[in-house]
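Quick notes on the structure that follows.
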2 protein chains.
Amino acid sequence: MTRSTPRPRNAAATRQAILDSAVVAFTRHGYDGVGVREIAAEAGVTAMLVNRYFGSKEGLFTEVVDVSFAPATMVPADPAALAEQTARALVERTGPQADHLGPFELMLKSAANPRAAEIIRAGIQKHVGARFAAALTGPQAGERAELGLALLAGTWLMRRLIGTPGLRDADPESLVARVTRMLAVVVEPPSR
Amino acid sequence: MTRSTPRPRNAAATRQAILDSAVVAFTRHGYDGVGVREIAAEAGVTAMLVNRYFGSKEGLFTEVVDVSFAPATMVPADPAALAEQTARALVERTGPQADHLGPFELMLKSAANPRAAEIIRAGIQKHVGARFAAALTGPQAGERAELGLALLAGTWLMRRLIGTPGLRDADPESLVARVTRMLAVVVEPPSR
DNA sequence: CGACGAAGTTATCACCTGTAGACTTGTCGG
DNA sequence: CCGACAAGTCTACAGGTGATAACTTCGTCG
């Protein structure tokens with residue numbers, strides 16, 4: 001009943017291997033910075049399989065964005081400590097070692113290409129935006145949520161991609177405290 | 001004595017034309033998104049001249065970053081109104097029409113390439129960092145300045161490059177007010 | 001006025017890009 | 001046991017990449 005050999009010649013497993021390889025490659029080097037041959041080689045297959053399973057490089061990227069933005073992207077549940085927890089997670093994941101390879105890196109590395117940017121926008125709207133906005137109460141939740149995302153993305157950019165010294169060498173606790181205060185502006189509902 | 005004909009065959013003028021073309025092209029499409037042929041064609045010369053005058057594409061990019069970050073990059077003088085003025089300038093320049101093509105766009109579009117990112121980091125340290133930090137008083141001026149830059153860059157990214165709807169369709173005045181409050185966290189010296 | 005040097009061009013190299021068609025090989029149902 | 005169908009590969013194309021060497025044209029100064 002249960003096949004002794006899991007799959008004929010590894011149909012879905014190969015597809016998954018390509019997707020995994022693509023997640024890493026696109027996040028590391030951006031949409032334009034990596035070729036399908038490179039992705040396929042890392043997965044142990046030839047470049048043709050990419051087009052076979054995902055239609056095109058763009059189709060593969062679409063799926064990469066989808067799976068990369070799907071998991072709970074540093075959005076804690078409790079609204080009260082949301083700012084502080086988010087700030088701490090950000091600082092930790094953008095630290096000196098930091099091999100995390102999250103969706104922020106994928107977004108920043110691929111934003112240069114307009115087609116990729118459009119795909120990312122769709123992914124954000126589908127996954128992150130809604131979830132983040134749901135954690136926020138009060139008016140203009142969308143604007144406030146995306147402004148928070150902007151701070152996170154910008155900090156990720158300066159601290160990790162560009163490597164600005166003031167942020168790279170900053171005391172983590174001081175950084176957490178300051179980011180928390182900035183996030184508080186958009187997290188707390190405009191109680192006025 | 002003063003030569004009637006300014007220069008033999010347009011020596012420096014051609015160089016400047018290439019540089020101008022490169023500023024526009026690199027800012028629009030990023031370091032990896034444009035080729036030297038395209039830049040040279042826009043300047044009305046052949047690709048060879050780029051290598052002749054700037055050594056390589058990387059050398060040209062270095063000079064582009066230098067001239068692009070050199071002008072007063074939205075850093076007002078008065079520290080009191082600094083947050084509000086900066087926020088207003090940001091919102092205006094990332095608006096729907098917005099053909100400004102500033103250094104932020106250059107940075108965001110080219111950050112994917114590590115070599116380009118390194119060049120940008122040097123440019124920021126040379127021009128923006130020092131000037132911005134000088135406008136801030138108190139301890140951790142560098143960290144606070146770059147955190148402000150991070151917010152500006154992140155907002156530019158989400159609002160203009162990605163095009164997230166919550167920020168694109170936000171009321172400008174509301175956005176200015178909120179960014180001002182976030183910037184205030186890093187602008188006001190830690191009076192504690 | 002004539003030649004030397006700078007300014008600019010043409011041709012080309014070696015390599016990489018995404019995609020397509022035709023081919024081979026493995027595996028499972030009958 | 002074998003044929004059929006899917007999984008995977010090979011070859012190739014048409015175009016683009018940055019960079020180099022050799023060549024032609026123009027301007028100026030002795």
Side-chain angles (χ1 to χ4, degrees), chain A residues 1-22 25-26 28-64 109-110 112-116 118-119, chain B residues 1-22 25-26 28-64 109-110 112-116 118-119:
Chain A
M1 295 108 192
T2 64
R3 281 110 175 153
S4 51
T5 49
R7 249 164 229 100
R9 206 151 131 188
N10 252 14
T14 299
R15 203 192 123 101
Q16 188 62 40
I18 295 175
L19 189 58
D20 291 346
S21 166
F26 279 141
R28 281 235 175 89
H29 310 110
Y31 182 80
D32 289 326
V34 71
V36 290
R37 283 170 176 79
E38 203 174 332
I39 294 173
E42 187 66 29
V45 297
T46 42
M48 264 313 297
L49 275 270
V50 171
N51 274 14
R52 190 191 254 297
Y53 284 128
F54 299 92
S56 65
K57 186 187 183 184
E58 201 171 308
L60 174 61
F61 184 74
T62 304
E63 207 142 330
V64 165
K109 285 269 178 70
S110 300
N113 187 304
R115 318 262 293 179
E118 168 64 23
I119 294 170
Chain B
M1 293 149 176
T2 64
R3 281 111 170 138
S4 52
T5 49
R7 246 165 234 97
R9 203 155 135 191
N10 249 14
T14 299
R15 202 193 123 101
Q16 187 63 37
I18 295 175
L19 189 57
D20 291 345
S21 166
F26 279 141
R28 281 236 175 88
H29 309 110
Y31 182 80
D32 288 326
V34 72
V36 291
R37 285 170 177 79
E38 203 174 332
I39 294 173
E42 188 66 29
V45 297
T46 40
M48 261 311 297
L49 276 270
V50 171
N51 274 16
R52 192 191 252 298
Y53 284 129
F54 299 92
S56 66
K57 185 187 183 184
E58 201 171 308
L60 174 61
F61 184 74
T62 304
E63 207 143 329
V64 165
K109 284 269 179 69
S110 301
N113 188 305
R115 317 263 292 179
E118 169 62 24
I119 295 171

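Only heavy atoms go into these numbers, but all of them, side chains included; no hydrogens, no water, no symmetry mates.
- Following rounding to the nearest Å, A/Lys57 (NZ) and C/dC16 (C1') show an atom-to-atom distance of 11 Å.
- Note on residues 13-22 of chain B: pairs passing salt bridge (Lys or Arg N to Asp or Glu O under 4.0 Å), not counting sequence neighbours, are B/Arg15-B/Glu63.
- When the side chain to side chain contact (heavy atoms under 4.5 Å, CB included) test is applied to B/Ala17, the partners found at least two apart in sequence or on another chain are B/Ala43.
- Listed by chain and residue number, A/Leu19, A/Ala22, A/Val23, A/Phe26, A/Leu60, A/Leu106 satisfy the side chain to side chain contact (heavy atoms under 4.5 Å, CB included) test with A/Val64 (two or more places apart in sequence, or in another chain).
- Looking at residues 36-52 of chain B, you'll see B/Val36, B/Arg37, B/Met48, B/Asn51 sit with a heavy atom under 4.0 Å from some atom of DNA chain D.
- Whole-Å rounding puts the B/His29 NE2 to D/dT17 C1' distance at 17 Å.
- If you measure from atom CG of A/Asp32 to atom P of D/dG16, you get 15 Å, rounded to the nearest angstrom.
- Close to C/dG8, at under 4.0 Å from its OP1 or OP2, lies a side-chain N or O of B/Thr14.
- The heavy-atom pair separating A/Ile39 from A/Ile18 by the smallest distance is CG2-O, 4.0 Å.
- For the side chain to side chain donor-acceptor pair (under 3.5 Å) condition, no pair includes a residue of residues 37-56 of chain B, sequence neighbours left out.
- Following rounding to the nearest Å, B/Phe61 (CZ) and D/dG18 (P) show an atom-to-atom distance of 13 Å.
- By the side chain to side chain contact (heavy atoms under 4.5 Å, CB included) test, B/Ala112 pairs with A/Lys109, sequence neighbours left out.
- As a whole-Å value, the separation of B/Tyr53 OH from D/dA19 P is 17 Å.
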